[in-house]
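Structure record follows, encoded as C-alpha cells.
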Amino acid sequence: MEKKRLSIFFLLMFVALCVTQVNAQLGDRILINGYSSFEFERQFGDEGEGDPNGSFDADLFDLVFNVYATNNLRVAADFSWEHGAATEDGRGNVVVEYAFGEYSVTDAFRLRAGKMFTHFGIYNEIHTAKPAFLTVKEPQSTNKNHKFGSDIRFYPRWATGIAALGNTTVGEADLDYIVQITNGEQELQELTNPHEEDDNKGKALSGRVRLSPNRDLQLGVSFHTDGFTELDSLGAASDGRTRLTSYGAHAEWSSDNVGLEVEFVAGSVSPSVGEKVSRTAYTAMVYFPLQDTFIPYFRYESLDPNTNIEMDRANLFVYGVNVQVDDGLFLKVELNTVNSDENNASFSGVSYTELKAAIAIGF
Amino acid sequence: MITEYIKRTSLLITFCLFLGVYSSLFAQENADKGVFIVNASVPVESVSKKDLEKIYLGKLQAWEGKLKISPSIMHHKTDIGDRFFDDVLDMSFRKYNKHWLKIVFSGSNAAPPAFKTVEEIIAYVSQKDGGIGFVPASAAKDLESCKILTVQGIDGF
C-alpha cells in the first residue's frame, strides 16, 4: 500500500515537472498578441457613398502568433474574424491575414515563404491593425483606390510566394528592405485561388527600401509589378497580359510635438490591346501629440484615377483626434469629407461628410 | 581635559557614523542602478548606446549578425523599467509601445516580453540563447548563466 502511494506520488511529481517544463518552453517560444476594432459610422445627409443609417461595426478581432521553432526560424500568423463572423449565417469574414515561415541567415538576409502582406508604402502591412495608426481607416487614395475611383488597386493587399528581407546600416542610417516574388493577384477576374495556384507563368514582383537617418525620420520607396491574364472573346484565358506597374515614395517624421506623414503612389495599367491608364495619388497628414495621449490630426488625400480623363479626381479631408485611454486602448473620432469631380467612377461628383469613430485595442 | 577628550571622541564617533551612513547609502545607490545582463551564449562583452537602442527598437536583430537577439524588459511600471525608458531609450513607454504595435502586427518581429519581477527577467535571460535584459546591479552579482554587458556611454541607470 505504502509502495503504491509512493509510486503515485512520484508519478504526479513527474507529470507536474513535465507540465512545468512544457509550459516554460511554450512561454519561451510562442508569443501571442492581438488587436480588435469596434467602429461607428454615420453619413450626414442621404447623398453619398457613406452610411446614412449610422451603424456599429464589429470590425475585426485578430490573434497574432509568433512561434520561434528554432533560434533562426520564426513562424508568424495573423488570424482575423471580421464583422462578427458567423459562417452558418454567411456573415462576416474569417481570414488568414498572413502565415509564413521566416528563416534568418544573417540580420541582413532573411528568407520568408507563405502568405504575406504586400510590403508597399506605410500602411498596407498594418491596414488591419487599427491600434497601430492614428486614423479610423488607412488612406483611401493610396491604399483603397479601387473604392475611390480606380478600376483596380495599385497593388494587392496580400501575396503568396517567397521574399528576401533584412536590416543593415548605411553609414549612420538604418536601412531595411524586402523583395517579394509571388503569384500576384487576379484583379480582373478570378480564374484560380492565387494563394494556391497562379493563373499564368509570370510572377508578381514587389519591393520596398526604407532608410532611417535618425530615429525621428524614415524615408521609403516601393514598387509592384504584375501581369494579369486576359480573357479571349469566349471567356477563356488567353496569352494576352494586362501589365500593372506601381511605384511609390513615402516619408514619416515625428518630434515630441508634431509629426508628418506623406505618401505618393503612381503607376499604370496597360492592357495588351487598348489604352494605357495612368494614375497618381498622394496623402499628407500632420498631427500634434499632446503628452502621448491626445493627438489631433488632419489628413488630405487625393487620387487622379486616369490622367487622360478630365474631372475625375476624388479628394478626402480627415479631421480627427486619437486619444490613448490606456496602454493599448485607443479612442478615435473624426470627420471625413469627400469631394469629387463629376467623372469620378466611385462618387460621380457627389460630396459628403461622414462621422467615424472607433475603439481600437492592441494587446 | 576629560571634557576635551569626550568632545573629541564624540566628534570622531559622529564623523565615523556619518561616513558609515554616507558610504552605505552611496553603495546602496550604486547597487540599485540598472545594469544590462545577457545570456552566456552572447558573443560580445560590450555594445554602444546606439546599438542598444537599435536592439530595443527591433532594428538590430542578431549578435554579430548571426545569433538572434532576444531582448526583454522590466515592466514600465517598475522603478527600473521607468528609468530604462527615461534614461536609456529616451522615449515614453507609450511611444515605444506604438512603435512595437506596428512591427508586431505587420508580422515583422515579436516584441520584447515585459516582466514584473527581477527573478522572472533573470530566468528569461538565463534560459534564452541571445537573451538580454536589465536588472538592478545588486541582483546581477554571482549570476551563473548570465554576464553583465557593458554599454558604452551608460554607467548604470
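A, B, ... follow the sequence lines: proteins, then strands. Residue 1 opens every chain.
A:N66 touches chain B through its side chain: at least one heavy atom from C-beta onward sits under 4.5 Å away, while N, CA, C and O do not. Both the backbone and the side chain of A:E172 have a heavy atom closer than 4.5 Å to some heavy atom of chain B. Interface remark: A:D174 contributes side-chain atoms only to the contact with chain B (heavy atom separation under 4.5 Å). No part of A:F65 comes within reach of chain B, as not one of its non-hydrogen atoms sits under 4.5 angstrom from that chain. With a threshold of 4.5 angstrom between heavy atoms, B:E64 does not approach chain A through any atom at all. Within the 4.5 angstrom heavy-atom criterion, no atom of B:I103 approaches chain A. Proximity to chain B (any heavy atom under 4.5 Å) is restricted, for A:T169, to the side chain, taken from C-beta onward. In this structure, the portion of A:F363 lying under 4.5 Å from any heavy atom of chain B is its backbone and not its side chain.
The shortest distance between side-chain heavy atoms of A:D327 and B:H76 falls below 4.5 Å. Contact annotation: the side chain of A:D292 never approaches that of B:K98 to less than 4.5 Å [non-hydrogen atoms, C-beta and beyond]. The closest side-chain heavy-atom distance from B:K68 to A:R74 is not below 4.5 Å. Residues B:F105 and A:D78 have side chains not in contact (no heavy-atom distance under 4.5 Å, counting atoms from C-beta outward). Between B:K95 and A:S254, some side-chain heavy-atom pair lies under the 4.5 Å cut-off.
Taking all atoms of both residues into account, the shortest heavy-atom contact from A:A76 to B:G107 is CB-O, 4.3 Å. The minimum heavy-atom distance between B:A110 and A:L31, with the atom names listed, is CB-CD1, 3.5 Å. Minimum heavy-atom separation, A:H119 to B:S106: CE1-O, 4.2 Å. In terms of heavy atoms, A:N71 sits closest to B:D129 at OD1-O, 4.2 Å.
Among B:A123, B:A111, B:P113, B:S108, the residue making the largest number of heavy-atom pairs under 4.5 Å with chain A is B:S108. Most heavy-atom pairs under 4.5 Å with chain B: of the set A:F133, A:F117, A:F330, this distinction falls to A:F330. Top candidate by heavy-atom pairs under 4.5 Å with chain A, chosen from B:Q61, B:K66, B:M91, B:K102, is B:Q61. The choice from B:L67, B:N109, B:L60 that makes the most heavy-atom pairs within less than 4.5 Å of chain A is B:N109.
No more than 12 heavy atoms of other residues, nucleotides or ligands lie within 6.0 Å of CG in B:D155, so this atom counts as exposed by the packing criterion. Within 6.0 Å of CG on B:D79 lie no more than 12 heavy atoms contributed by other residues, nucleotides or ligands. Residue B:K116 places its NZ atom among 12 or fewer non-hydrogen atoms of other residues, nucleotides or ligands, all under 6.0 Å distant. More than 12 heavy atoms of other residues, nucleotides or ligands sit less than 6.0 Å from atom CG of A:L217. Heavy-atom contacts from other residues, nucleotides or ligands closer than 6.0 Å to CD1 of A:I359 number 12 or fewer.
At distances below 3.5 Å, at least one donor-acceptor pair connects side-chain atoms of B:R94 with backbone N or O atoms of A:Q324.
The CD1 atom of B:I69 sits 6.5 Å away from atom CG of A:D107, with the distance rounded to the nearest 0.5 Å. Rounding to the nearest 0.5 Å gives a distance of 12.0 Å between CZ of A:R215 and NZ of B:K54.
Residues satisfying the side chain to side chain contact (heavy atoms under 4.5 Å, CB included) criterion with A:T160, sequence neighbours excluded, are A:K115, A:H195. The side chain to side chain contact (heavy atoms under 4.5 Å, CB included) search around A:Y103 returns A:N72, A:L73, A:V105, not counting sequence neighbours.
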